[in-house]
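Heavy atoms only: backbone and side chains are in, while hydrogens, waters and symmetry mates are out. When a residue number appears, it is its place in the shown sequence, counting from 1.
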Amino acid sequence: MTTQRYKFLDLAQVNAPYMDAIREAVLRVVESGRYVGGEECGRLEAGLQHLTGAPCAVGVSNGLDALRLILRALVERGDMQRGDEVIVAANTYIASILAIIDAGLRPVLAPVDMATLNLDTARLEECVTSRTRAVMPVHLYGRVCWDERLKEFVNRHQLFVIEDNAQAIGACAATDGLFDSRAAGALGHAGAFSFYPTKNIGAMGDAGAVVTHDADLADRVRALANYGSDRRYHNIYLGANCRLDPVQAAVLNVKLPAVESESAHRRAVAAVYDELIDNEAIIKPELTGADMVWHQYVVRCDRRDELQRYLAEAGVATDIHYAVPPHRQPCMSGVDYLAIGNALAQAEQIGDTVLSLPISTCTSVDDAKAIAAIVNAFK
């Protein structure tokens, strides 16, 4: 088996620069005697408020629960009812769809912009029915899914915007959001963050957050995440236990200040790939500036599996995000969803052709130059 000269991701290497500070932070939690909630959770929420410009943040257990809790809160408040529809790109990760279904809502699998691999905002009108209540822009691979067409569309139809911001922490839109912020996660009514260990800013376990401009919605999310209780022994919702672990919050408080430097490194690696990869068999992602934080650098190739094997033999580790689109997952059998136009065919084409190249802090600019040369030699 060929030795990996160029790793895809090594979390021990990623976390090494932070380890002394992380040990101190975790020890503070252990010695505090406060193991649910507490100061570290509050600090992380304040940090996310500062990062996004949104006035409210609630730490939760993971990114999927962040989406679930937002949608549940909107249903509990009466803004949506069971059977109402949420528009989402057909090629998203399954978590986006699971959250919609869990809230008793109907996913509308929408067409994809094949240049950006995000929701095609030029085709949103095709997705509207009498039950449309929300749009879920997914900032896939770290590229912000937000423009004037989407903004005008949701304002005209008076729809809620729930951002799946699992992959785009620190990214900014080129145009204003619905409120005062251009930060991904704070463009619409509420945004869901994931701090899964492989994310640009990752915990050492599961963690997530909800960011919102709506204080009432934030209160409902916090209650739903804490057994449905608004105060001790007073349960107003059929809630769940989706609270943020303070140990993970402590880890994230160490790493969150590095979001800008993390993004800058990824942009530098992406810029090398963009400049140097020159192979007719490879479709590169569009390089669109500061809006992209490059959670993944995803190329497309009609001979993807052959390309992946070739790169592995040359010592380049890669991954696929994602090989099987949501509508083809076994769990979707029998689920009531609406597919628009050629959205499912697009999702399948994307799943068959995408390949992620190394782009984390494990990948240096010199590594990227070498990888680009290896990619160019693919015949």
Side-chain angles (χ1 to χ4, degrees), residues 37 40-74 76-77 79 86 96 99 134-139 142-148 150-151 154-155 158-195 199-201 203 207-226 242-244 248-249 252-253 255-260 262-263 290-291 293 295:
E40 295 292 344
C41 293
R43 282 184 58 207
L44 180 63
E45 291 171 354
L48 292 171
Q49 290 170 334
H50 177 75
L51 177 69
T52 63
C56 304
V58 182
V60 298
S61 44
N62 55 66
L64 171 57
D65 284 343
L67 287 171
R68 291 174 60 241
L69 291 162
I70 292 168
L71 292 168
R72 277 285 312 277
L74 291 170
E76 292 287 353
R77 194 165 70 178
D79 294 316
V86 180
S96 312
V135 179
M136 183 182 288
V138 181
H139 306 314
R143 184 190 302 276
V144 176
C145 180
W146 186 260
D147 58 22
E148 289 291 347
L150 176 53
K151 183 178 178 180
V154 298
N155 281 330
Q158 297 185 314
L159 303 177
F160 285 95
V161 176
I162 300 103
E163 296 171 74
D164 184 338
N165 193 43
Q167 299 185 3
I169 188 169
C172 289
T175 190
D176 290 339
L178 298 181
F179 302 93
D180 295 330
S181 178
R182 290 191 176 188
L187 297 166
H189 298 90
F193 287 69
S194 170
F195 300 107
K199 295 297 191 286
N200 291 23
I201 299 296
V210 171
V211 167
T212 180
H213 298 273
D214 185 335
D216 177 75
L217 186 67
D219 288 343
R220 291 171 188 266
V221 165
R222 195 179 296 279
L224 283 163
N226 188 31
C242 301
R243 298 173 302 211
L244 174 65
Q248 300 304 334
L252 292 168
N253 284 328
K255 299 176 73 175
L256 188 62
V259 65
E260 290 185 11
E262 174 74 27
S263 299
D291 70 315
V293 294
H295 175 58

(request) Please name all residues satisfying side chain to side chain donor-acceptor pair (under 3.5 Å) with Arg220, sequence neighbours left out, ordered by chain then number. (result) Asp216, Tyr237
(message) Under a 3.5 Å distance rule, please check whether Gln49 uses its side chain to pair with a backbone N or O of Pro55 as donor and acceptor.
(response) yes
(message) Going by the rule side chain to side chain donor-acceptor pair (under 3.5 Å), which residues pair with Asn226 if we only count those two or more places apart in sequence or in a different chain?
(response) Ser229, Arg243
(message) Measuring only between side-chain heavy atoms, which start at C-beta, is Ile162 closer than 4.5 Å to Leu74?
(response) yes
(message) The test is salt bridge (charged side-chain N to carboxylate O under 4.0 Å, His left out); show your working for Arg68 and Asp65 and say whether it passes.
(response) CA-CA 5 Å; Arg68 291 174 60 241; Asp65 284 343; 2.5 Å; yes
(message) Test your reading of the model: is there a side-chain donor-acceptor pair from Glu163 to the backbone of Ala184, 3.5 Å cut-off?
(response) no
(message) Has His213 got a side-chain atom pairing as donor or acceptor with Ala186's backbone, closer than 3.5 angstrom?
(response) yes
(message) For the backbone of Ala173 and the side chain of Asp291, can you confirm whether one donor and one acceptor N or O come within less than 3.5 Å of each other?
(response) no
(request) Answer yes or no: is there a side-chain heavy-atom contact under 4.5 Å between Ile169 and Phe195? (result) yes
(request) Any side chain to side chain donor-acceptor pair (under 3.5 Å) involving residues 177-188? Give me the pairs, sequence neighbours left out, ordered by first then second residue. (result) Asp176-Arg182
(request) Check whether any side-chain heavy atom of Phe193 sits under 4.5 Å from a side-chain heavy atom of Thr52, and report yes or no. (result) yes
(message) Between Val161 and Leu187, is there a side-chain heavy-atom distance shorter than 4.5 Å?
(response) no
(message) To check you understand the geometry: which heavy-atom pair defines the closest contact between Phe160 and His189, and what is its length?
(response) CA-ND1, 3.5 Å
